[in-house]
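Presented below is the structure to which this report refers.
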Amino acid sequence: MLKHADLCLSIMYTTPFYKEVIIIQLSERQREIVNIVQRLAPVTGDKIAEELGLTRPTLRSDLALLVMLGLVDAKPKVGYLPGQYPKYDSHVGSMLKKLTVADILSEPILISGDATAYDAVLMLFQQNTGTLMVTGEEQELIGIVTRKDLLKVMLGDTDLHTVPVTMAMTRRAQMTTLLPGDSLLEAISRLVRHQVNCLPVLDEQCTSTAQNQELVGRVTKTDIMNAILGLTEERT
């Protein structure tokens with residue numbers, strides 16, 4: 001039986017160029033789910049939700065992650081069973097290896113470099129997002145601005161109406177980006193390594209300089225969780 005101390009996982013995968021290790025620390029609720037499955041298996045998602053005093057939809061992303069990691073197994077018409085982690089030979093693990101950024105990317109939310117920091121704050125709330133892609137005169141990507149960037153400006157007791165968004169953003173040269181052909185695991189690795197919630201996706205077919213590559217999308221942690229969830233629900 002797994003102990004709480006065991007539930008900080010080191011997952012290693014190999015690309016043609018290097019080996020990558022990702023540390024995943026489970027939440028308290030995720031640890032409770034694993035314990036419930038070990039005690040009551042086979043157990044349905046509804047029963048797990050009942051044990052926690054929550055609704056089934058609330059647990060969907062947690063169950064998806066646990067199945068992906070191999071800590072929990074999902075059997076159609078049976079329920080959830082203890083898993084054998086790390087389980088990258090599973091259906092979900094195998095499919096994750098095949099997915100690329102192009103399979104999961106979403107539309108970027110853009111703001112002009114001529115806008116103010118105040119405009120950026122409004123757009124974050126209106127679009128219910130945490131990250132905006134800042135574009136130049138030719139709609140090229142020139143930077144990225146997040147809630148944290150704007151909070152730093154606000155803490156300086158500065159009038160946001162007078163601050164250009166370009167003063168708050170992270171500039172293109174300092175940004176990490178993805179290509180549509182990058183693997184999903186590579187996207188996860190970069191999000192974790194750089195401690196960000198969103199990365200822009202640039203056109204890999206573009207033969208010009210990296211600074212002029214076309215912005216074709218973004219990948220967020222939500223996009224990744226939805227992809228994992230979709231794979232898991234194919235089996236439950």
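Since the model is a prediction, treat every value here as computed from it, not as a measurement.
Closest of all the heavy-atom pairs between Val219 and Ala187 is CG1-CB, 4.4 Å. Between Leu59 and Ala49, the shortest heavy-atom contact is CD1-CA, 3.5 Å. For the pair Leu105 and Gly217, the tightest heavy-atom approach, listed with the atom from each and the gap, is CD1-CA, 4.4 Å. Nearest heavy-atom pair, Gln139 versus Leu110, reported as atom, atom and distance to 0.1 Å: OE1-CD1, 4.0 Å. For the residue pair Leu150 and Ala120, the shortest heavy atom distance occurs at CD1-CB, 3.8 Å. Between Ile144 and Cys198, the shortest heavy-atom distance links the atoms CD1-O, 4.2 Å.
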Checklist entry - Can you list the steps and then say if Asn197 with Leu191 is a side chain to side chain contact (heavy atoms under 4.5 Å, CB included)? => result CA-CA 6 Å; Asn197 295 318; Leu191 286 168; 5.8 Å; no
Item to check | Test side chain to side chain contact (heavy atoms under 4.5 Å, CB included) applied to Met169 and Ile142, step by step | outcome: CA-CA 9 Å; Met169 73 180 187; Ile142 62 172; 4.1 Å; yes
Checklist entry - So Leu178 and Leu202, side chain to side chain contact (heavy atoms under 4.5 Å, CB included) or not? Walk me through it. => result CA-CA 6 Å; Leu178 294 166; Leu202 302 180; over 6 Å; no
Next on the checklist: Could you go through Tyr118 and Thr162, starting from their C-alpha distance and side-chain angles, then the distance that decides it, and tell me whether this counts as side chain to side chain contact (heavy atoms under 4.5 Å, CB included)?
Outcome noted: CA-CA 8 Å; Tyr118 181 79; Thr162 65; over 6 Å; no
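With values rounded to the nearest 0.5 angstrom, Thr220 atom OG1 is found 8.0 Å from Ile104 atom CD1. Note that the CG atom of Asp62 and the CG atom of Leu52 stand 9.0 Å from one another [nearest 0.5 Å]. Here Leu179 contributes atom CG and Glu186 contributes atom CD; the two are 9.5 Å apart, rounded to the nearest 0.5 Å. Considering CE of Met133 and CG of Leu199, their distance stands at 7.5 Å, rounded to 0.5 Å. Taken from CZ in Arg60 to OG1 in Thr55, the straight-line distance is 10.0 Å, to the nearest 0.5 Å.
Proximity of Leu63 to Arg56: side-chain heavy atoms (C-beta onward) are separated by under 4.5 Å at one or more points. Between Ile33 and Tyr80, every side-chain heavy-atom pair lies at or beyond the 4.5 Å cut-off. Counting heavy atoms from C-beta outward, Leu99 and Ser183 have side chains that stay 4.5 Å or more apart. Using a 4.5 Å heavy-atom threshold, the side chains of Met175 and Pro200 count as touching. The closest side-chain heavy-atom distance from Arg29 to Thr58 is below 4.5 Å. Proximity of Leu215 to Glu140: side-chain heavy atoms (C-beta onward) are nowhere separated by under 4.5 Å. The side-chain heavy atoms of Val153 and Asp149, taken from C-beta on, include no pair separated by under 4.5 Å. Residues Asp73 and Pro82 are not in side-chain contact: their nearest non-hydrogen atoms beyond the backbone lie 4.5 Å or more apart.
Side chain of Asp119 to backbone of Thr116: a donor-acceptor contact under 3.5 angstrom is found. The main-chain N or O of Leu160 is never found under 3.5 Å from a side-chain atom of Thr158 such that the two would form a donor-acceptor pair. With Glu32 contributing its side chain and Gln30 its backbone, the two residues share no donor-acceptor pair below 3.5 Å. Side chain of Asn128 to main chain of Phe125: no donor-acceptor pair is present (N/O by atom type, distance under 3.5 Å, no hydrogens or angles).
More than 12 heavy atoms of other residues, nucleotides or ligands sit less than 6.0 Å from atom CD of Gln174.
Each of Thr129, Asp223, Thr177, Thr131 was scored for a side chain to side chain donor-acceptor pair (under 3.5 Å) with Arg218, with one residue passing: Thr129.
Between Glu51 and Arg39 a salt bridge is recorded (basic side-chain N to carboxylate O distance below 4.0 Å).
Met123 is not connected to Leu141 by any chain of hydrophobic side-chain contacts under 4.5 Å among Ile, Leu, Val, Met, Phe, Trp and Tyr, and they are in different clusters.
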